[in-house]
Amino acid sequence: MTVRRVALALRLLAVLSITCGLAACERKPAVFAPPPPPVVTVAKPIVRLVEDTLEFTGRTRGFETVEVRARVKGFLEKKLVDGGRRVKQGDVLFQIDPRPFEATVAQARAELEAAQATFRIAELTLRRAMEAMQASAATQQEVDRTRADRDSAKAKVDLAQAVLTAAELDLSFTTVTAPISGRVGIVTVDVGQLVGATDPTLLATIVNDEKVYASYDMDERTLLDLRKANANRRPGEDGRPVQVVRMALANDTGFPHVGRFERADNTIDTSSGTVRIEAIFDNPDGTILAGLFVRLQPVSGERQALLVPDVAVETDQSGRYVLVVGADGIVERRSVKVGPIYDRMRRIDEGLDADARVIVNGLQRARAGSKVEAKEESAAMPPAVAPKAG
């Protein structure tokens, strides 16, 4: 039985070997099938009349800023204002102890009255001397002496009057009023503190923020180009329209604050090669604080421009670029010079033409030099043409 089982097993193995060999002979070699090219969406730039703008960063400052200081030495008797409050011009802010100054005024007034009395006597003496000389009872020398005494007495009256005026002025300085309307800054002096001892102590700072200035620096090349385009005239001069300037705060979307060009410096800063420019903005609700970091967008006119969706513009170490698809489906990198954003569309100043097929969707699947399948769509944008943030 054992021999028969062994022989049966050997036959079975032989049959299996022949069957596996035949199956191996009939197996076909594997063939690699490349994946299809990725699908991307492309759109041609659109040509649109848009506002010609520039973008700068700048700082704001109040329309008026005044440091209120103690103009006389004394102890602070009253503090009638808190920091952060609005005040009107002429409102009383602080009261310095007036009693020493009242005493000085009384002394100066008494000295003036004494000088006036002396002057009256000298005037009367001169008149009598002149009458005596006419009656040959006095000499010319005596008349000249009495006239000199009269003039000296008159000078003392003038001096006493000046001293009194100065004393009254110092007394008026003990009542500190607001020189302008605006918002008061943090007040750091307290009642009982000696102010004006060695120098005019800073009592408060008032900022009139009903309007604000926003200043920015323009490079000399841009300045020269603008002056050449406008015959060296500044906005608002010789019939040139006033230039609109838009502003965006750090938390703004777009440029919602609209102002106008106010003035520019008359020299170039040689250390930076820029000129300082200021625009002015109405600020009735006090939204714009002095000292804010802002973005500014002066509008210098209108121009025809190429616009592409902003999502199509990418950035690397070489700068801004877009990916375009050629007629053969090969992706090409195009370096571009860009302008501001208009309703989610980026202005392209250099590097593209109107027939370029720009990749606007599927950028993560496209690489320069690779082949893609391009599907075209319209790059239509809303009708508004005002530039937005970006």
Side-chain angles (χ1 to χ4, degrees), residues 61-130 142-210 290:
R61 67 178 181 88
F63 181 68
E64 295 175 300
T65 302
V66 175
E67 292 182 343
V68 181
R69 294 183 177 270
R71 303 175 71 174
V72 292
K73 177 183 176 180
F75 289 94
L76 195 64
E77 191 174 67
K78 296 179 182 179
K79 183 171 70 173
L80 305 173
V81 65
D82 291 327
R85 300 292 179 87
R86 285 195 174 275
V87 296
K88 295 181 179 180
Q89 184 178 9
D91 287 352
V92 178
L93 307 180
F94 304 93
Q95 179 66 58
I96 298 172
D97 186 2
R99 291 174 297 177
F101 301 94
E102 291 171 345
T104 301
V105 168
Q107 179 182 353
R109 185 173 290 116
E111 291 176 352
L112 173 61
E113 291 174 355
Q116 289 173 338
T118 302
F119 172 71
R120 287 194 295 271
I121 293 174
E123 185 78 14
L124 181 60
T125 302
L126 174 61
R127 187 180 307 116
R128 289 175 178 174
M130 294 178 65
E142 291 175 337
V143 173
D144 292 341
R145 188 186 309 112
T146 55
R147 180 177 286 110
D149 292 341
R150 191 277 311 268
D151 293 344
S152 176
K154 178 63 169 63
K156 290 180 180 179
V157 170
D158 294 340
L159 176 61
Q161 181 64 61
V163 171
L164 176 60
T165 300
E168 291 175 338
L169 192 60
D170 286 343
L171 176 59
S172 69
F173 290 157
T174 61
T175 301
V176 182
T177 59
I180 62 172
S181 299
R183 190 178 296 278
V184 179
I186 295 176
V187 178
T188 58
V189 294
D190 296 313
V191 173
Q193 181 175 339
L194 179 64
V195 297
T198 56
D199 55 10
T201 304
L202 177 63
L203 302 177
T205 301
I206 302 177
V207 176
N208 180 359
D209 57 359
E210 292 183 355

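Shown here is Lys156, whose NZ atom has no more than 12 heavy atoms of other residues, nucleotides or ligands within 6.0 Å. Counting heavy-atom neighbours within 6.0 Å of Arg71 CZ, excluding the residue itself, gives a total of 12 or less.
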Test side-chain hydrogen bond (donor to acceptor under 3.5 Å, both in side chains) applied to Glu67 and Thr205, step by step: CA-CA 4 Å; Glu67 292 182 343; Thr205 301; 5.0 Å; no
side-chain contact (heavy atoms from CB on, under 4.5 Å) between Lys73 and Leu194, worked out: CA-CA 7 Å; Lys73 177 183 176 180; Leu194 179 64; 4.2 Å; yes
Chi angles and distances behind the side-chain contact (heavy atoms from CB on, under 4.5 Å) call for Val81, Asp91: CA-CA 9 Å; Val81 65; Asp91 287 352; over 6 Å; no
Working for salt bridge (Lys or Arg N to Asp or Glu O under 4.0 Å), residues Arg147 and Asp144: CA-CA 5 Å; Arg147 180 177 286 110; Asp144 292 341; 3.5 Å; yes
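Taking 4.0 Å as the cut-off between side-chain N and carboxylate O, Lys154 and Asp158 count as a salt-bridged pair. Under the 4.0 Å criterion applied to side-chain N and carboxylate O atoms, Asp209 and Arg86 are assigned as salt-bridge partners.
In this structure, CG on Asp149 lies 11.5 Å from CD1 on Ile121, to the nearest 0.5 angstrom. Here Leu112 contributes atom CG and Arg109 contributes atom CZ; the two are 9.0 Å apart, rounded to the nearest 0.5 Å. Atoms CZ and CZ, from Phe119 and Arg150 in turn, are 6.0 Å apart once rounded to the nearest 0.5 Å. Atom CD of Glu77 sits about 6.5 Å away from atom CZ of Arg99, to the nearest 0.5 Å. Atom CD1 of residue Ile96 and atom CG of residue Leu203 lie 6.5 Å apart, to the nearest 0.5 angstrom. Expressed to the nearest 0.5 Å, how far CD of Glu64 lies from CD of Glu210 amounts to 9.0 Å.
The backbone N or O of Val207 sits nowhere less than 3.5 Å from a side-chain atom of Thr65 that would complete a donor-acceptor pair. Proximity of a side-chain donor or acceptor of Thr174 to a complementary backbone N or O of Asp97 within less than 3.5 Å is not detected.
Using a 4.5 Å heavy-atom cutoff, the side chains of Ile206 and Asn208 are not in contact. Looking at heavy atoms from C-beta onward, Gln95 lies in side-chain contact with Thr175 at the 4.5 angstrom threshold. Side-chain contact check for Asp190 versus Leu76: every heavy-atom pair is 4.5 Å or farther apart. Looking only at side-chain heavy atoms (C-beta outward), Glu123 and Arg120 stay at 4.5 Å or farther from each other. The shortest distance between side-chain heavy atoms of Val195 and Phe94 does not fall below 4.5 Å.
Residues Leu93 and Val87 come closest through the heavy atom pair CD2-CG1, 3.9 Å. The shortest non-hydrogen separation linking Arg69 to Pro200 is NH1-O, 2.9 Å. Among all heavy-atom pairs drawn from Ala70 and Gly196, the shortest one is CB-N, 4.2 Å. The minimum heavy-atom distance linking Ala167 with Thr104 is given by the pair CB-CG2, 3.9 Å. Among all heavy-atom pairs drawn from Val163 and Ala108, the shortest one is CG1-CB, 3.9 Å. Shortest non-hydrogen contact noted between Pro179 and Gln89 is O-NE2, 3.2 Å.
Of the candidates Thr177, Asp170, Val176, Phe173 forms a side-chain contact (heavy atoms from CB on, under 4.5 Å) with just one, namely Asp170. Only one option out of Thr125, Leu124, Asp151 pairs with Thr146 in a side-chain contact (heavy atoms from CB on, under 4.5 Å); it is Thr125.
Listed by chain and number, the residues in a salt bridge (Lys or Arg N to Asp or Glu O under 4.0 Å) with Glu113 amount to none (sequence neighbours excluded).
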